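Accompanying notes for the structure given below.
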Amino acid sequence: MSDLEAPLRPKRKKVWVDYFVQFRWILVIFVVLPISFTLYFLTYLGDVKSEMKSYQRRLKEHDENVQKVVKRLKERNPSKDGLVCTARKPWIAVGMRNVDYKRARHFEVDLSAFRNILEIDKERMVARVEPLVNMGQISRASVPMNLSLAVVAELDDLTVGGLINGYGIEGSSHIYGLFSDTVVAYEIVLADGRVVRATKDNEFSDLFYAIPWSQGTLGLLVSAEIKLIPIKEYMRLTYKPVVGNLKELAQAYMDSFAPRDGDQDNPEKVPDFVETMIYNSTEGVMMTGRYASKEEAKKKGNVINNVGWWFKPWFYQHAQTALKKGEFVEYIPTREYYHRHTRCLYWEGKLILPFADQWWFRFLLGWMMPPKVSLLKATQGEAIRNYYHEMHVIQDMLVPLYKVGDALEWVHKEMEVYPLWLCPHRLFKLPVKTMVYPEPGFEHQRRQGDTSYAQMYTDVGVYYSPGPVLRGEVFDGADAVRRMEDWLVENRGFQPQYAVSELNEKKFWRMFDADLYEHCRKKYGAVGTFMSVYYKSKKGRKTEKEVQEAEQAHLETAYAEAN
């Protein structure tokens with residue numbers, strides 16, 4: 001058997017859950033889609049209402065809501081009320097991890113009012129927004145001004161708070177880093193009710209660097225100031241097909257945005273946007289984009305593709321046509337390009353509604369897509385959740401760019417999931433060591449894509465049912481994720497915490513660095529008020545007693561042993 005050949009697996013006997021999942025599309029079409037569309041419409045009306053308010057009124061409402069949060073925190077009795085959690089229901093989160101941690105915390109703080117864009121400052125090139133502002137909302141407000149966040153995560157429903165406290169990436173991250181790297185200031189309500197503004201160079205600089213990846217366990221984020229960049233009306237997108245083995249596909253991906261001469265900061269050599277999709281073990285399409293003016297896009301002979309229309313082919317399938325017709329170029333309206341994967345949830349829509357990519361469905365019902373992830377989660381019981389954990393993969397592997405070929409081969413051998421999504425991002429060398437950090441000495445190695453101040457990483461997005469599951473074979477999803485996590489730990493990779501994790505506490509703190517995080521937990525009084533990030537990310541139910549005991553013993557936890 002070759003290194004890339006998948007192991008032989010016996011056939012798996014079907015159970016009742018298989019048939020429920022097979023026909024779940026009935027529930028999705030007649031229940032989830034109509035409710036989703038209604039919620040999207042009501043949310044849009046709320047966004048319009050918010051935009052009509054004056055700056056002074058929005059700021060006044062924000063300050064009043066912050067004071068409500070402060071008052072609520074001060075009402076808490078630590079000996080009786082348990083740990084703090086937000087008031088939203090567990091299924092509201094967009095991530096696929098089960099938020100069972102809410103069962104162990106019962107002092108609720110309502111943040112539902114924090115969903116306004118407070119200001120778009122054209123002089124400072126900063127947008128000040130509240131944590132529940134989502135990507136669709138802010139791109140709708142900023143793009144007509146020819147401005148955008150430096151990193152705009154693709155799915156409309158992803159919120160600023162989730163992308164800061166968790167993980168956010170886009171095709172521009174090879175320039176600007178992860179979403180949290182584009183934040184210039186945080187407004188945080190600490191455990192004792194203090195409201196502080198943390199920046200990289202003020203007295204709360206340690207908190208500023210500790211917030212990303214902390215999952216809201218250091219304080220409550222109530223606003224953020226985020227970097228804006230100037231943009232143009234269109235994205236000039238080049239689709240380039242590549243055929244070869246996985247290592248050759250990986251090298252072509254690297255060459256699409258990382259000059260081999262090391263001139264990584266040269267805008268003439270480095271595109272504005274990068275994305276690659278690997279469709280099978282021998283074929284992929286590399287996409288690179290550059291901003292283009294309306295005048296350029298509308299020149300005679302240029303092709304304009306409005307990918308945002310409901311009846312258009314799903315983006316990943318459209319890109320796949322390059323494998324047959326060869327390299328081509330087209331112009332896409334910038335905002336439609338930003339959200340190109342929203343309608344089909346990358347390619348997860350194919351599993352949810354097997355026929356939703358057909359022309360007749362797109363034309364008749366495509367305007368209701370996508371179903372809200374939160375509603376999909378709300379309509380699945382314990383058995384269905386467990387089924388998806390075993391038979392389905394939604395994971396991101398963040399690996400050093402030079403190891404992307406190894407990562408592709410590992411996924412092929414162990415999971416056989418296709419398509420795969422590749423998106424590069426810079427991991428910056430910071431004044432302090434944060435939870436996620438580049439490899440020691442990377443600046444001296446200067447491999448392809450690296451600079452003196454940042455190491456180039458890449459996200460390998462693994463989203464779909466594995467090949468063995470599609471073939472009806474036995475597949476242990478939890479064990480596959482454990483092996484993936486072990487591979488990441490050994491290869492200096494990271495696993496975003498939105499995903500279902502099988503890590504125990506010792507391995508968790510081998511993957512992430514605990515020093516700054518634990519320092520801020522103690523300094524700012526988070527211990528005993530907020531659950532630690534490991535227990536918040538941990539798979540499975542957590543009881544109040546379990547969490548309280550873990551908080552009491554936090555000085556003896558496994559992260560110390562790992563260090």
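Bear in mind the structure is a predicted one, so any value in this text is a computation, not a measurement. We number each residue from 1, following the sequence as shown.
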Please identify each residue that fulfils ring-ring contact (aromatic ring centres under 6.0 Å, His included) with [X], with sequence neighbours left out.
{"X": "Tyr209", "answer": "none"}
{"X": "Phe179", "answer": "none"}
{"X": "His62", "answer": "Phe114"}

Subject >> side-chain contact (heavy atoms from CB on, under 4.5 Å) against Lys60, all qualifying residues, sequence neighbours excluded >> reply: Glu64
Subject >> Qualifying residues under side-chain contact (heavy atoms from CB on, under 4.5 Å), relative to Ser112, sequence neighbours excluded >> reply: Asp110
Original post:
Just how far is it from atom OG of Ser501 to atom CE of Met484, taken to the nearest 0.5 Å?
Top reply: 8.0 Å
Original post:
Could you state the interatomic distance from CD (Gln395) to CD (Glu485), rounded to the nearest 0.5 Å?
Top reply: 6.5 Å
Under the rule for salt bridge (charged side-chain N to carboxylate O under 4.0 Å, His left out), what residues qualify as partners of [X], not counting sequence neighbours?
{"X": "Arg335", "value": "none"}
{"X": "Glu439", "value": "none"}
{"X": "Glu123", "value": "none"}
{"X": "Arg128", "value": "Glu187"}

**OP:** Using side-chain hydrogen bond (donor to acceptor under 3.5 Å, both in side chains) as the criterion, list what pairs up with Arg194, not counting sequence neighbours.
**Re:** Asp192
Subject >> With sequence neighbours excluded, residues passing side-chain hydrogen bond (donor to acceptor under 3.5 Å, both in side chains) with Lys429 >> reply: Glu443
Original post:
Ser205 side chain to Asp201 main-chain N or O, any donor-acceptor pair under 3.5 Å?
Top reply: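 Checked: no pair found.
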**OP:** Please tell me if the side chains of Ser148 and Leu228 come closer than 4.5 Å, counting only heavy atoms from C-beta onward.
**Re:** no
Subject >> is_close_aromatic(Trp509, Tyr534), centroid dist under 6.0 Å >> reply: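 Ring-ring flag for Trp509/Tyr534: false, centres at least 6.0 Å apart.
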Subject >> Result of checking Phe257, Tyr337, Tyr176 against Phe273 for ring-ring contact (aromatic ring centres under 6.0 Å, His included) >> reply: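 Looking at Phe257, Tyr337, Tyr176, the match for Phe273 under the ring-ring contact (aromatic ring centres under 6.0 Å, His included) is Tyr337.
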Original post:
Hey, does the Lys NZ or Arg CZ of Arg492 hover above the aromatic six-ring of Tyr437, less than 6.0 Å from the centre and inside 45° of the axis?
Top reply: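 Pair Arg492/Tyr437 counts as cation-pi.
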Take the angle between the ring planes of [X] and [Y] and call it parallel below 30°, perpendicular above 60°, tilted in between.
{"X": "Phe204", "Y": "Tyr524", "value": "tilted"}
{"X": "Phe508", "Y": "Phe512", "value": "tilted"}
{"X": "His341", "Y": "Trp347", "value": "perpendicular"}

Let me check something: any side-chain donor-acceptor pairs from residues 65-73 under 3.5 Å, sequence neighbours excluded? List them with distances.
from  : atom 1 : to     : atom 2 : distance (Å)
Asn65 : ND2    : Glu61  : O      : 3.1
Arg72 : NE     : Glu108 : O      : 2.7
Arg72 : NH2    : Glu108 : O      : 3.1

